[in-house]
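Below, read A as the first sequence line, B as the second, and so on, with proteins coming before strands; counting in each chain starts at 1. Note: hydrogens, waters and symmetry copies are ignored here, and every other heavy atom, side chains too, is used.
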Amino acid sequence: MTTLQERTRFEPAEVEPRIVERWLDSGLHHPDPDGTPEENYSIAIPPPNVTGVLHMGHALNSSIQDTLIRFNRMQGRRAKWILGTDHAGIATQKQVEKALQGEGTSREELGRERFIDRVWEWRAQYGGTIVEQLKRLGATVDYDDERFTLDEGYVRAVLEVFVALYRKGLIYRDNYMVNWDPGTRSAISDLEVEDREVTDALYSIAYPLADGDGEVVVATVRPETMLADTAIAVNPGDERYRHLVGREAILPIVGRRLPIIADEYVKTDFGTGALKITPGHDPNDFEIGRAHGLPEITVIGEDGRMTEAAGAAFAGLTVDEARETVLAALREQGLLRDAEPYTHTVPFSHRSGARVEPLISLQWFMRMDELAAPAMDAVRDGRIRIHPESQSRRYLEWLQNIRPWCISRQLWWGHQIPVWYRGEETYVGTEPPEGEGWERDPDVLDTWFSSGLWPFATLGWPDDTPQLRAFYPTDVLSTARDILFLWVARMVMLGMEFAGDVPFEDVYVHSVIQAPDGRRMSKSLGTGIDPIDEIDRHGADAVRFGLLAMSSTQDVKYSSEKVQQGQRLANKLFNASRYVLLNVRDDAGAEPRPQTVYDRWILSRLQAAKAAFAENIAEFDFAKAALGLYDFVYGELCDWYLEFTKGREFAADLSATMVHVLRETLTLAHPVIPFVTEELWSHVPGTEGLLAQARVAPADPSLRDEAAEAEMAAVIEAVQALRSWRDEAGVKPGQVLPARIDGLDGSARLVARMTRLDLEGDGPLTATVPVPGGSVEIRAGELVDREAEERKAQAERERLRAEIDRAEEKLSNAGFVAKAPPQLVDAEREKLDRLRRELDGL
RNA sequence: GGGCGCGUAGCUCAGUGGGAGAGCGCUCGCUUCACACGCGAGAGGUCGCAGGUUCGAAACCCGCCGCGCCCACCA
C-alpha cells in the first residue's frame, strides 16, 4: 500500500513482469479438459511462423483473442486458447539456407538429413521468441500445451489425413501445369502467386504457311516460348482466318509444322486475332492443348534456363537471353513485324519474388470440389458465421470456383509425402512399406495442408482425447482477411471431413493495420512499427487498448494517439483507485449501500456499461467495447461520481458502495487492460486471488434506475451550464457566489457544491442562468463584470430565440404534425414550452 | 473486366431517417485535499459534388468526382 500512497503514476515497466509471473504461476491459462465444448470456450491461435517475431498484426489479433478469452473465462467458462507455431516450410528453410550460406556451405552439401537436423537446431534457438513476446502482451494462451505443426503427434495426423484422402481418390498425382517458382525451385499454389503490373513488349511475329501461300501473324509477349509452340489457334467465327483452319504453318527458327486450329478462347479483337499455342509454358494454352490433344513440349527447365529441347543454340541460356536470341533471329529473317510497349499483369512468387514460370510437372494434387460443398453449406446455413457478413460472400464465391490444389512442394523442411515408389509400383501409407528397394517421394506437403488440421490436430486428433472432447469445435477463429482462403476455408473443409464437425462457429476477420501514412507496414519499406517497442514506451495495456480501439472491419492506419489514450486510461484508473483505496474504510465490505441519488446513478450506469461491453464483444465490435470502457471510466466514474463523493464523509455506507463500484469497474476493464486492473485488484479490500480468475456476474437490467439517471442527467446539465456561465462571466474558479436555485428539487445542494454557489448567502441579482426544469439566480451584485455578463445574457437570449424559431417552424409544418410519430411531435411541443419559459426567466 | 468499401472538425475516426460527436491538436482559465499522462471552459464542420425519395437526409436511392482493397488465364 505504501506504493499506492507514493506513486501518482501507473508504471507499466515496473508492474508488468511481476503480473505476468503471477499469471503464469497460477496456471489459469491451462484449463482442465472437462465438460463439453458448449460449456467451455476455446480459440485456436493462428500459429505464427516458428522463427517469426511479433508484428502489429499478431499484436492486434492476440489482443482481440485474449480479450475474448479473458472475458469468457471471467464468466466462469473453462477457456482454452490453443497455442502453437507453424513450421512454415519455405520461410524457415530459406532462413536456414541463408545462415548456411554465411558459413560457406549449403543444404546440398549437407544432405537432406543433416540439413533437417540443422533446421531443428534453428528452431530450438529462435522458436521461442514469439511465444515470449506473447507473454509481454499479457496473452493467456495455454503455455503448458504448446504445439508445433511438425511435432510427433501432428505428423501422425497429417499422414493419416493424406492417406485417407488418397484412398478416397481426392489426392492424386498428375502431370499438370503448375506455378513454378524459379526462386525457391518449387511449385507453389495459386494462392501464393501475386499479380504485379509489368510493362513488356507485345511482338507480332509472322509464321509462314506450310504450303507457301502467305503467312499468319501472331502476337506474343514471350517470343522465347515459341520454341515450344505446337499449334496456332483462331476464333472459329473469325472471317479473316476461316480459310486457314485445318491448314498448317511453319514455326520459324525451329521449322516444326503447326496445325491451325479453331477455339472459342481466342479473342478476335486482341492482337492479330491469331494465337500461338504453347501448351508447355502457358496455362491457357495448356488447357487448349489438352482439349485438342496437342503435344506438350518443355523448353524451359526448373532452373529457369532453356533445356536441350529448345535446341542446341538455346540450351543453357536464361529466359531473357533466349528472348533476345529469338528476336535477333526473327529480325534477321524478316519475320518480326511489330513490337510495342504493353502493360499487363504478370504472376510473381509471393515467397521468393521471382517471376512465376508456368511449367508442366509431375505433382501431387488434391481435388477440392467434394470437400467444398459441405464447407459452403456450413456458412450458408449459419453453423459458421463470418464477421463482417460481407466476407462470407467472398468465401462462398471462392469455394464455388475452387480448383485442384497443388499440394507437393520441392522442399526438405516439412511433412514428407507418405508415398514410396519401386519401379512401376506405388505405395501410400502412414508407415514405410515392407520389402527392399522402395524409395520415398522426396517432396513435402504445402505448409497450408498441415495448417488446415490446426483446430483438431492440436487437440490430439486422430486419437479420441479428453482435450478434443472438451474443446472441439472451438468457438471463434480470428484472422486477417488475406488467409481466409489460404487457411480458413481449408480448416473448414478438413475439420468437417475428419473431426466430424465445423472447426469453429464464428470467424472474425479483423483489420489489417497499415503504417500511419497509409502504406503497408513492412520491414523493407521501413514502415514497420514493433509492438514490443510500443509496449516498452506505453505499456501493454495501452497497446492492447489502442489496437482494439483502432480496429474495424476494414483496414486502418496505426494510431499512436489511440495507444496513448489507452495509456491515459490505465493511469486514470490507477489514480481513481488510489482515491478510493486511500479513503475508504477497509472493513466496510463491498455490498453497495447507496445513500444518495448519485450512488444509485453510478450503480445504474455501471450496469449499462457492463451490458454495452458484453454486447459489443458479442458483436465483435472491439473498438466500441474499448472506447465505451474509456467513456465510462472518464465520463461517468471520474468526472462525476468521484467528484460528487468529495467532501462527503467516508462512512461505512459510502465505503462499501465505492469499493463495490471499483471492483466492478476493474472486472469490467480487465479483459482489455489486464495489467493495471490486476495490479489494483490486489489492493482492493476483500479480494482474494487473481482478478484474471475472478467470476463476474453478468449485467442485470433490473439494477438499472431510470429515475436516478434522469435526475442526474439534469444535475450534470445544470452544473455544466453554471460552470460555463462562471467561466465566461470571468468569475474566479475559487470564488463562492451567493445564489438561489429554483427547481432541481433535492439535487440543488449538490449542484451548488459542484459550482461553488452559496445557497445561504444573498445579494443584489447578478444574472439568471437557465437550468433543466428551472433557473439559478446568481446574487453576487457587482462581484462580476457587468458588461461581460450582459453580453453573455444577450447571446443566451439570441440562442434561445433561434431555437424557439426552429421549433415553431417545425410545428407549423402541417406535414410534420400529421406524419411524424406523435411522441416526437409532443416532445417538440414540450421543448418549445421549456425554451419559452427559459427565455422568460432571463 | 467484375466485386466490396471509403470520402464527416487541422489530424485519426464514431455516427445509418428527427436538433452535427469523440480522442488528439488549438485557445482561455485553474498549485480544487486521486491523477498536470490532471481539472474546468471554449473555438473549430456548406457531413466530396449534383439530383431524387421523405413532413424531415450526414444517413435511403441514382449519377458524377476522388481514394483504397479483393477477385479475374485477353496472348
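- Residue A:E803 places a side-chain atom within donor-acceptor reach of the base of B:rG19, judged by atom type and a 3.5 Å distance cut-off alone.
- Among the heavy atoms of the strands lying under 4.0 Å from A:G273 is at least one base atom, whether or not backbone atoms are also near.
- B:rA57 sits 30 Å from B:rG42 when the C1' atoms are compared, rounded to a whole Å.
- Here side-chain hydrogen bond (donor to acceptor under 3.5 Å, both in side chains) pairs that include residues 218-229 of chain A, with residues two or more places apart or in two chains, are A:Y207-A:D229, A:R222-A:E224, A:R222-A:E357, A:E224-A:R323, A:T225-A:K276, A:D229-A:K276, A:D229-A:T278.
- Taking the six-membered ring where the residue is Trp, A:F270 and A:Y342 present perpendicular rings, their angle passing 60° and hence far from 30°.
- When the P atom of B:rA14 is taken as reference, atom CD of A:E561 falls 15 Å away, rounded to whole Å.
- Proximity note for A:K831 (side chain, C-beta onward) versus B:rG18, B:rA41, B:rG19: the nearest is B:rG19.
- The interatomic distance linking A:L800 (CG) with B:rG19 (P) rounds to 18 Å, in whole Å.
- The A:L835 side chain lies nearest to B:rG19 when the options are B:rG18, B:rG19, B:rG42.
- What separates CD of A:E808 from P of B:rG19 is a distance of 17 Å, to the nearest Å.
- With both ends at atom P, the span from B:rG40 to B:rU31 equals 15 Å, rounded to whole Å.
- A:R222 comes within 4.0 angstrom of nothing in the nucleic acid, heavy atoms only.
- When rounded to the nearest whole Å, the span between CD of A:Q564 and C1' of B:rA22 equals 16 Å.
- Nearest-nucleotide positions on RNA chain B for A:K562 and A:R806 put A:K562 closer to the 5' end.
- Just one of A:V580, A:N583, A:V584 meets the side chain to side chain contact (heavy atoms under 4.5 Å, CB included) condition when paired with A:S655; it is A:V584.
- Base pairing annotation: B:rC4 forms a Watson-Crick or G-U wobble pair with B:rG68, both donor-acceptor distances under 3.5 Å.
- Using a 4.0 Å heavy-atom cutoff across all strands shown, A:Y265 reaches at least one base atom of the nucleic acid.
- As rounded to whole Å, 12 Å separates atom P of B:rC73 from atom OH of A:Y176.
- The residue A:K819 sits close to a base: some heavy atom pair falls under 4.0 Å.
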Using the 3.5 Å cut-off, write out each protein N or O paired with an N or O of nucleotides 30-37 of chain B and the distance between them.
{"from": "B:rA34", "atom 1": "O2'", "to": "A:N575", "atom 2": "OD1", "distance (Å)": "2.9"}
{"from": "B:rA34", "atom 1": "O2'", "to": "A:R578", "atom 2": "NH1", "distance (Å)": "2.7"}
{"from": "B:rA34", "atom 1": "N7", "to": "A:K646", "atom 2": "NZ", "distance (Å)": "2.9"}
{"from": "B:rA34", "atom 1": "N6", "to": "A:C638", "atom 2": "O", "distance (Å)": "3.4"}
{"from": "B:rA34", "atom 1": "N6", "to": "A:E643", "atom 2": "OE2", "distance (Å)": "2.9"}
{"from": "B:rA34", "atom 1": "N3", "to": "A:N575", "atom 2": "O", "distance (Å)": "3.1"}
{"from": "B:rA34", "atom 1": "N3", "to": "A:A576", "atom 2": "N", "distance (Å)": "3.1"}
{"from": "B:rC35", "atom 1": "O4'", "to": "A:N575", "atom 2": "OD1", "distance (Å)": "3.0"}
{"from": "B:rC35", "atom 1": "O2'", "to": "A:N575", "atom 2": "ND2", "distance (Å)": "3.4"}
{"from": "B:rC35", "atom 1": "O2", "to": "A:K572", "atom 2": "NZ", "distance (Å)": "3.2"}
{"from": "B:rC35", "atom 1": "N3", "to": "A:K572", "atom 2": "NZ", "distance (Å)": "3.0"}
{"from": "B:rC37", "atom 1": "OP1", "to": "A:R9", "atom 2": "NH2", "distance (Å)": "3.0"}
{"from": "B:rC37", "atom 1": "N4", "to": "A:R9", "atom 2": "NE", "distance (Å)": "3.0"}
{"from": "B:rC37", "atom 1": "N4", "to": "A:R9", "atom 2": "NH1", "distance (Å)": "2.6"}

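- If you take atom C1' in B:rG1 and the same atom in B:rA72, they sit 8 Å apart, rounded to whole Å.
- Classification of the A:F650-A:Y579 ring pair by plane angle, with boundaries at 30° and 60°, yields perpendicular.
- One finds a side-chain N or O of A:S724 lying less than 4.0 angstrom from the OP1 or OP2 phosphate oxygen of B:rG42.
- No contact: A:P347 has no heavy atom under 4.0 Å from any strand.
- With C1' as the reference atom, B:rG44 and B:rG10 are 9 Å apart, rounded to whole Å.
- Among the nucleotides B:rA41, B:rA75, B:rG18, the one closest to the side chain of A:K810 is B:rG18.
- In this structure, A:V218 reaches neither bases nor backbone, as no heavy-atom distance under 4.0 Å exists between it and the strands shown.
- B:rC71 and B:rG56 have their C1' atoms separated by 41 Å, given to the nearest Å.
- The separation between A:R393 atom CZ and B:rC69 atom P is 20 Å, rounded to whole Å.
- Among the nucleotides B:rA75, B:rC13, B:rG42, the one closest to the side chain of A:V221 is B:rA75.
- Distance CG/A:L548 to CG/A:L627: 9.5 Å, rounded to 0.5 Å.
- A cation-pi contact, defined as under 6.0 Å to the ring centre and within 45° of the axis, links A:K267 to A:Y265.
- Taking atom P on both B:rG48 and B:rA59, the two are 8 Å apart, rounded to the nearest angstrom.
- Base pairing annotation: B:rC39 forms a Watson-Crick or G-U wobble pair with B:rG29, both donor-acceptor distances under 3.5 Å.
- In this structure B:rC73 sits in no base pair that meets the Watson-Crick or G-U test at under 3.5 Å.
- The partner of B:rG45, taking Watson-Crick or G-U wobble pairs whose two distances both stay under 3.5 Å, does not exist in any strand shown.
- Taking the six-membered ring where the residue is Trp, the centroids of A:F613 and A:Y630 are separated by 6.0 Å or more.
- Nearest nucleotide to the A:F816 side chain, out of B:rA41, B:rA75, B:rC55: B:rC55.
- Once rounded to the nearest 0.5 Å, the distance linking CE of A:M376 with CG of A:L396 reads 7.5 Å.
- Toward the 5′ end of RNA chain B lies the nearest nucleotide of A:D631, the other residue of the pair A:V719 and A:D631 mapping further downstream.
- Straight-line distance between the C1' atoms of B:rG63 and B:rA9: roughly 28 Å, to the nearest whole Å.
- Of all heavy-atom pairs between A:K562 and A:F545, the closest is O-CD2, 3.7 Å.
- The nearest whole Å value for the distance from the CG atom in A:L547 to the P atom in B:rU12 is 18 Å.
- Looking at A:R394 and A:Q391, their side chains do bring a donor and an acceptor atom within 3.5 Å of each other.
- For B:rU16 and B:rA20, the C1' atoms lie 14 Å apart once the distance is rounded to whole Å.
- Of the candidates B:rG40, B:rA75, B:rC24, the closest approach to any side-chain atom of A:R723 belongs to B:rG40.
- Spacing between atom NE2 of A:H344 and atom P of B:rA72 amounts to 17 Å, rounded to whole angstrom units.
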